[in-house]
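Since the model is a prediction, treat every value here as computed from it, not as a measurement. Ligands are counted one by one from 1 in listed order, and the atoms in each one are counted from 1 as well.
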Amino acid sequence: MSGIVVLISGNGSNLQALIDSVAAGDLDTEIAAVVSSDPDAYGLTRAERAGIPTEVMDLRNVLADGGNRLAFDVELAGVVAGYHPDLVVLAGWMLVLSEAFLEHFPGKVINLHPALPGTFPGTHAIERAYTAFQQGEITQTGVMVHRVIPEVDAGPVVTLERVPIFPGESLDDLEKRIHEVEHNLIVAAVDLSLRGEV
Ligand code: GRF
């Protein structure tokens with residue numbers, strides 16, 4: 001089996017965008033599997049409804065069995081490699097991956113992040129951008145998809161989109177607009193990556 005493997009940790013709205021695009025024939029691939037770091041992630045329900053194989057890789061279990069992050073990344077690489085992916089897509093995956101994982105999929109791992117390159121790496125990026133706007137430090141934020149390196153939300157950019165922030169808008173409004181941009185950008189980034197156009 002080839003296709004893409006999607007790694008998630010939560011709601012899975014970006015996974016849903018990929019599922020819908022494959023179903024509509026807008027993406028010429030298949031989702032070979034969905035791997036979640038959280039057994040309770042709603043994204044697993046989305047995958048099961050679409051008939052996609054799922055796996056759970058819970059770091060807590062590896063640590064409880066006396067393992068460490070390195071052991072987790074090696075085990076995760078084995079699980080993902082079992083699906084022979086053309087591309088590994090991090091769509092809301094919340095753990096940093098080391099070289100012990102990445103070396104198995106050279107140049108074939110991409111990540112979605114709701115901020116522009118070099119800005120607001122890590123969690124709560126939309127909220128932090130909103131606060132920076134309120135303080136007059138920025139006028140816009142954005143969304144990027146980048147190749148993954150063993151660093152938080154860094155690596156060569158595959159594609160990005162700038163998102164203006166409007167005076168007086170609520171954080172909730174900004175988050176809604178950012179997620180809409182994400183749902184289109186993740187599909188475009190997978191398409192570009194599979195065509196080798198990055
Ligand atoms: C997205 O905003 C993504 O950029 C970030 O985590 C969120 C995941 O959303 N890394 P979902 O689980 O795809 O709805």
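Below 4.0 Å from some heavy atom of Gly92 lie the following atoms of ligand 1, by number and element: 6 (O), 8 (C), 10 (N). Set against the non-hydrogen atoms of His179, the atoms of ligand 1 under 4.0 Å away are 2 (O).
With contacts defined as side-chain heavy-atom distances shorter than 4.5 Å, the pair Asp86/Lys108 does not qualify. For the pair Val34 and Ile31, the minimum side-chain heavy-atom distance is below 4.5 Å. Counting heavy atoms from C-beta outward, Val88 and Pro85 have side chains that approach closer than 4.5 Å.
Note on Asp172 versus Lys176: salt bridge recorded, some NZ/NE/NH1/NH2 to OD/OE distance being below 4.0 Å.
The closest approach between any non-hydrogen atom of Gly43 and ligand 1 is not below 4.0 Å. Residue contacts with ligand 1 include Leu112, since one of its heavy atoms falls under 4.0 Å from the ligand.
Counting only non-hydrogen atoms, the option in Asn14, Asn11, Leu90 that gets closest to atom 9 (O) of ligand 1 is Asn14.
At a 3.5 angstrom cut-off on N or O pairs, Leu15 does not count as close to ligand 1. Among the atoms of His113, none of the N or O lies under 3.5 angstrom from an N or O of ligand 1.
Nearest protein heavy-atom neighbour of atom 14 (O) of ligand 1: Ser13 OG, 2.6 Å. When only non-hydrogen protein atoms are considered, atom 4 (O) of ligand 1 lies nearest to Glu182 OE2, 2.4 Å. Nearest to atom 12 (O) of ligand 1 among the protein's heavy atoms is Gly12 N, 2.8 Å.
No donor-acceptor distance shorter than 3.5 angstrom exists from the side chain of Glu180 to the backbone of Arg177, with no hydrogens or angles considered.
Looking at residues two or more places apart in sequence or on another chain, you find a side chain to side chain donor-acceptor pair (under 3.5 Å) between Gln134 and Tyr130.
Within the structure, side-chain hydrogen bond (donor to acceptor under 3.5 Å, both in side chains) contacts touching residues 8-18 (residues at least two apart or in different chains) are Ser9-Ser37, Asn11-Arg46, Ser13-His183, Gln16-Asp20, Gln16-Arg46.
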